[in-house]
Every structure is written in structure tokens, then in C-alpha cells.
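Order of appearance sets the numbers: ligands from 1, and atoms from 1 within every ligand. Keep in mind that the numbers below use all heavy atoms, side chains included, and drop hydrogens, waters and symmetry copies. Computed from a predicted structure; not experimentally measured. Along the sequence shown, residues carry numbers from 1.
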Amino acid sequence: MDRFLIHGPCTLSGSVDVSGAKNAVLPLMAATLLSRGVSRIRNVPNLRDTRTMGKVLETLGAQVTREGDSLIIDSSGVVGVEAPYELVKTMRASVYVLGPLLSAMGTAKVSLPGGCAWGPRPIDLHLKGMEMLGAQVELEGGYVVAKRPGSRLRGGTMDFSTSSVGATANVLMAAVLAEGHTVLENAAREPEVAQLAEALVAAGAKIDGIGSTRLSIEGVKEIAPLQVSVIPDRIEAGTFLCAAAILRSKLKVNKVRPAHLGATIDVLQSCGCSFEIASDAIEIDGREADRALNAVTRPFPGFPTDMQAQTMAVATLLEGISVLTETIYPDRFTHVAELRRLGADIRLDGNSAVVKGVAQLSGAPVMATDLRASAALILAGLAAKGETLVDRIYHIDRGYEQIEEKLARLGAKIERIPGPPTP
Ligand code: EPZ
């Protein structure tokens with residue numbers, strides 16, 4: 001099991017290119033099941049999660065080929081309807097095949113995702129959405145078994161009780177081929193959902209209200225295979241902005257959509273960072289980052305929960321008391337104990353973390369618990385005095401492409417070293 005060996009503190013300089021967005025490409029890959037033919041998805045990051053989704057599609061009978069930064073997905077041979085536990089347990093997003101399979105194949109058998117490091121992550125809204133479209137949904141032996149009564153699902157209206165990226169995407173994909181009209185209220189507005197909807201429209205779907213909380217879908221009989229280039233990963237970009245802030249460095253982050261990072265930029269500006277924004281690049285000057293910050297996670301365009309851990313790492317070295325409040329996953333604080341091991345002063349108070357800035361962190365062995373927590377530990381390790389060893393970095397390989405190489409090119413002292421074999 002690989003680890004990262006980090007020597008700190010260091011400063012960074014230069015520029016870094018951001019990869020395609022993990023959370024945009026996963027639903028796009030599932031959406032290729034809505035047509036029969038060859039889809040091409042460009043700017044696909046080479047990640048453990050994109051490979052897992054590829055395996056799910058291959059299990060169903062699709063052919064998935066990588067050509068440079070593109071994925072060619074041929075769905076003409078899809079006959080399967082089952083997404084097996086073995087794959088779904090490694091990646092919750094496998095549940096994205098539920099809507100497309102149900103709508104296109106008439107049946108779907110998808111393993112229920114297992115537990116998560118930070119508490120319950122139900123899929124009840126996904127299932128309610130399929131039922132709203134007329135499907136019969138049952139749970140059997142740890143699987144969701146959904147059936148489409150007739151030749152097509154039937155349009156309807158759903159008002160999501162909670163804004164959910166996954167449920168919005170899944171129900172949207174199912175509704176595209178349904179008979180009649182569907183309205184989704186309190187739909188998620190995340191850029192990844194908007195990209196999915198735009199790609200479906202480009203393939204012949206009829207969707208209005210993209211980017212708003214009200215999506216209106218007129219069902220069509222069929223759509224064409226997808227041709228799409230994945231948007232930049234706003235969370236990877238935000239992680240590099242936090243690297244510049246915690247390391248008091250100046251950096252240029254390229255191949256980004258600044259509009260997707262508004263709330264993250266606001267929070268980093270509030271602690272003293274300054275920015276130069278271009279159409280597809282962000283230059284951050286983190287040398288003056290010193291004031292405490294406050295952040296409350298919210299659905300897009302609010303401050304993303306996927307930036308909470310990295311921003312907490314920044315707060316550990318800011319003067320005064322910073323408060324980070326988590327409203328999306330109230331228990332998403334598994335990184336706190338590990339940051340404390342590096343000398344951070346953090347107290348949990350309900351769904352808030354109260355961070356008292358310290359003058360210096362010091363290196364130590366730490367353990368990654370999930371994707372964004374591992375990014376936070378790397379940032380803190382780069383700022384800490386001495387050696388930090390980050391264990392279980394398979395978490396970070398799920399969502400960051402070659403992060404240690406990108407950081408090393410910016411001047412970080414970080415290397416991937418082999419660890420003891422997985423138990
Ligand atoms: C997506 O997860 C992202 N994952 C997550 O990023 C991200 O943290 C999350 O959205 C929120 O922004 C992918 O895109 C693959 P949700 P998702 O459904 O779709 C509740 C990362 O680090 N809910 O928007 O699973 C849920 O419990 C990952 O890249 C229900 O109650 O999140 C949560 O409190 C981690 N019932 C809230 O909604 C449901 O059926 C938002 O979850 C579904 C969700």
C-alpha cells in the first residue's frame with residue numbers, strides 16, 4: 001500500500017494544469033447507457049474512480065477504451081442490468097447506472113452502496129425519483145431491483161427534500177427517455193449536473209432550466225451517443241489554491257472555470273489571499289494569508305463540502321479562531337484527529353470545527369480516511385516542520401491525477417513510496 005513521504009515546510013511557485021472533473025465524468029460515463037452506439041468523452045482524468053466506472057460499464061456489456069485523454073464507450077453490446085456489490089462497494093457513484101439502465105433496458109439491479117467514513121449517505125431520493133417515474137422498486141439481498149412497467153417510464157414531478165447531486169443526476173438521466181413531461185424541483189445546481197444536462201441536450205434530449213433549481217424535461221424516444229469534453233475539476237483547483245494559502249506561496253492554476261470557484265475564492269480572500277482571475281486561469285498570492293476564516297458548507301453556488309477539509313488545513317496556521325461548519329455531512333470530520341497529530345488545535349462543537357491557529361505544525365505519520373481528508377493531510381504535511389508520512393493514499397488516487405508529481409513540479413518535497421502490503 002503506497003504512502004506519501006513529505007518533507008516540510010516548503011514554498012511553491014509556478015503554474016499547474018487542472019484535470020477533468022471526477023464528479024462530472026462519472027455521471028457522463030453512466031449516461032452513455034441511454035443510447036446504443038459509440039460515445040466519446042474527452043479530458044477524462046485517469047483516476048481509480050473512472051477506471052471503476054469503466055469496469056461497471058464493461059460488466060454490463062459495454063466496451064470501454066482509452067485513447068489519450070479520451071474514453072471511447074461503445075454501448076451497442078450492453079445486455080446486462082446488474083451493477084455488482086464488488087464494484088459498488090468501492091465507489092458509491094456506481095449507483096449512477098440505476099436511472100439509465102432502468103430507462104433504457106427496463107430493469108436495473110444495483111447493489112446498495114455500503115457505509116461511508118462520515119456517516120449515513122442514503123440513496124432514498126434516487127429511489128423515490130425512480131418511483132415517481134413509474135418504476136417498481138424493491139430491495140432484495142442488498143440490491144435495489146427496479147422495473148419499468150411498460151415500454152417507457154412516465155414523466156412526473158419531484159420536489160427533492162434535500163438538494164442532492166447524485167439523485168438529481170440519476171433521475172434526470174431516467175427522465176430523458178420517459179414518456180411525457182418531468183419537473184424536478186430543488187434540483188442540484190452543481191456544475192457537474194449542468195454539464196450532464198448540457199451533454200444530454202447536445203445528444204437530443206429536451207431539458208430546460210439547466211443551472212437552476214427547477215429542471216424541466218420533455219421525454220424523447222431516443223438520444224444519440226455522447227460527444228463531450230469534461231469540465232475542469234473545481235475541487236482539484238480549489239485544493240491547489242489552498243496549497244498556495246497554507247504555504248504562503250504565489251501560484252497560477254490553469255485550465256479552470258473561475259465561475260465554479262466563487263465561494264472558495266471568497267473564503268481564501270477573507271483570510272488575506274489575493275487573486276488575479278483570467279477566463280481560464282486563477283493566479284493566487286497566498287503570501288499575506290494570516291487572518292482567521294469562517295466557512296459554512298452549502299450546495300452550489302455555496303462553499304463546497306469537498307473543500308472543507310483542505311480549508312481546515314489552511315485555518316490551522318492562521319492567526320485567531322476559524323470556524324468551519326458542515327451542513328451537508330455533519331460528521332465529515334475524520335481528518336480532524338489526524339490534523340491534531342500534526343500539532344493543529346481543533347475542537348469539534350456539533351457540526352462545527354473551531355480551529356485555533358498555531359505558529360507551526362510538525363511532521364508525523366498520519367492516515368488518510370477519505371479522498372478530501374487525504375488532500376488536507378498532504379497540504380498540512382507540506383507546511384509542517386520535518387517529515388510527514390501519509391498512509392492509505394489509495395484514497396487520494398480515487399480523485400486526484402498524479403497529485404504528487406504536480407506538487408513536486410511546483411517545488412514540493414513529496415514522493416510516493418511503497419508501503420507494507422495491504423492486509
Ligand atoms: C456528490 O455526492 C459528490 N460525489 C460528493 O463528492 C460531494 O461531497 C456531494 O455530491 C455533495 O456536494 C460525486 O459527485 C461522485 P448528495 P452525492 O446526494 O451525490 C443527502 C468527493 O469528495 N441525500 O448531493 O452522494 C446526503 O446524505 C465526493 O468527490 C439523501 O438524504 O451527494 C447529503 O447529506 C465525496 N438522500 C446530501 O443529501 C439521497 O438519496 C447531499 O448529498 C441522496 C442524498
Side-chain angles (χ1 to χ4, degrees), residues 19-31 45 47-50 52-53 56 88 90-99 110 112-132 137 139 144 158-173 184 186-196 213 230-231 233-239 260 263-264 297-311 326-332 334-335 351 368-376 395-401 403:
S19 303
K22 167 183 81 83
N23 292 347
V25 71
L26 297 175
L28 287 169
M29 290 174 73
L47 304 169
R48 211 148 64 83
D49 277 10
T50 49
T52 302
M53 185 61 90
V56 173
V88 178
T90 66
M91 183 184 72
R92 305 174 54 76
S94 313
V95 78
Y96 276 141
V97 299
L98 176 66
V110 177
L112 275 169
C116 168
W118 7 279
R121 292 181 66 189
I123 59 164
D124 57 316
L125 297 173
H126 299 238
L127 306 186
K128 279 197 191 105
M130 302 308 157
E131 286 173 334
M132 174 273 291
V137 178
L139 300 184
V144 175
M158 173 129 181
D159 188 345
F160 290 105
S161 52
T162 304
S163 172
S164 160
V165 172
T168 302
N170 225 336
V171 181
L172 171 66
M173 289 189 277
L184 303 181
N186 195 26
R189 300 175 56 195
E190 271 67 5
E192 297 78 21
V193 174
Q195 163 139 74
L196 173 67
T213 55
V230 180
I231 56 174
D233 195 316
R234 62 193 169 102
I235 306 298
E236 183 195 7
T239 303
H260 294 171
T264 301
T297 65
R298 300 252 185 248
F300 187 87
F303 180 74
T305 173
D306 294 347
M307 283 305 306
Q308 181 253 99
Q310 303 93 310
T311 308
E326 181 54 74
T327 71
I328 310 285
Y329 301 110
D331 303 320
R332 192 176 192 173
T334 46
H335 40 284
N351 64 335
T369 47
D370 65 75
L371 172 57
R372 308 304 170 183
S374 32
H395 287 291
I396 204 147
D397 292 335
R398 296 189 54 175
Y400 290 87
E401 193 175 33
I403 188 163

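Considering only non-hydrogen protein atoms, atom 18 (O) of ligand 1 sits nearest to S164 OG, 2.6 Å. Regarding atom 36 (N) of ligand 1, its nearest protein heavy-atom neighbour is D124 OD1, 2.7 Å. For atom 25 (O) of ligand 1, the closest non-hydrogen atom on the protein side is R121 NH2, 3.0 Å. In terms of protein heavy atoms, atom 22 (O) of ligand 1 is closest to R372 NE, 2.8 Å. Atom 40 (O) of ligand 1 has its closest protein heavy atom at L125 N, 2.8 Å. Annotation: atom 20 (C) of ligand 1 to nearest protein heavy atom, T162 CG2, 4.2 Å. From the protein, the heavy atom lying nearest to atom 6 (O) of ligand 1 is D306 OD2, 2.8 Å. When only non-hydrogen protein atoms are considered, atom 9 (C) of ligand 1 lies nearest to Y329 OH, 3.5 Å.
Side-chain atoms of E326 do not come within 3.5 Å of backbone N or O of Q308 as any donor-acceptor pair. A side-chain donor-acceptor contact under 3.5 Å links N170 to the backbone of V95. Remark: the backbone N or O of G238 is not paired with any side-chain donor or acceptor of Q310 at under 3.5 angstrom. In this structure, the side chain of T168 engages the main chain of A188 through a donor-acceptor pair within 3.5 Å.
Listed by number with element, the atoms of ligand 1 under 4.0 Å from a non-hydrogen atom of I328 are 33 (C), 34 (O), 41 (C). Near I123, with a cut-off below 4.0 Å to any heavy atom, the atoms of ligand 1 are 39 (C), 40 (O). Those atoms of ligand 1 with a heavy atom of H126 less than 4.0 angstrom away are 40 (O).
Around atom 12 (O) of ligand 1, the closest heavy atom drawn from T305, V25, T297 belongs to T305. Among P122, A167, P113, G166, the residue whose heavy atom sits closest to atom 43 (C) of ligand 1 is P122. The residue from V165, N170, N23 that puts a heavy atom closest to atom 16 (P) of ligand 1 is V165.
Rounded to the nearest 0.5 Å, atoms CZ (R398) and OG1 (T50) are 11.0 Å apart. Between the CG atom of D49 and the CE atom of M29 there is a distance of 10.0 Å, given to the nearest 0.5 Å. Atom OG of residue S163 and atom CD of residue E190 lie 5.5 Å apart, to the nearest 0.5 angstrom. Annotation: the span from E131 atom CD to D124 atom CG amounts to 10.5 Å, rounded to 0.5 Å.
Residues D159 and K128 are not paired through a salt bridge, judged by the lack of any N-O separation under 4.0 Å between the basic side chain and the carboxylate.
Using 4.0 Å as the threshold, H395 has no heavy atom nearer than that to any atom of ligand 1. Between A169 and ligand 1 there is no heavy-atom distance shorter than 4.0 Å. Ligand 1 is approached by K22 to a heavy-atom distance shorter than 4.0 Å.
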For H395 and Y400: C-alpha separation, side-chain torsions, deciding distance, then whether side chain to side chain contact (heavy atoms under 4.5 Å, CB included) applies. CA-CA 9 Å; H395 287 291; Y400 290 87; over 6 Å; no
Determine, stepwise, if the pair R234 / E192 fulfils salt bridge (charged side-chain N to carboxylate O under 4.0 Å, His left out). CA-CA 10 Å; R234 62 193 169 102; E192 297 78 21; 2.7 Å; yes
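Under 4.0 Å from ligand 1, not a single heavy atom of P27 appears. Looking at R332 against ligand 1, only its side chain comes within 4.0 Å, counting heavy atoms.
Inter-residue side-chain proximity for V171 and M130 is flagged as met; some heavy-atom pair is nearer than 4.5 Å.
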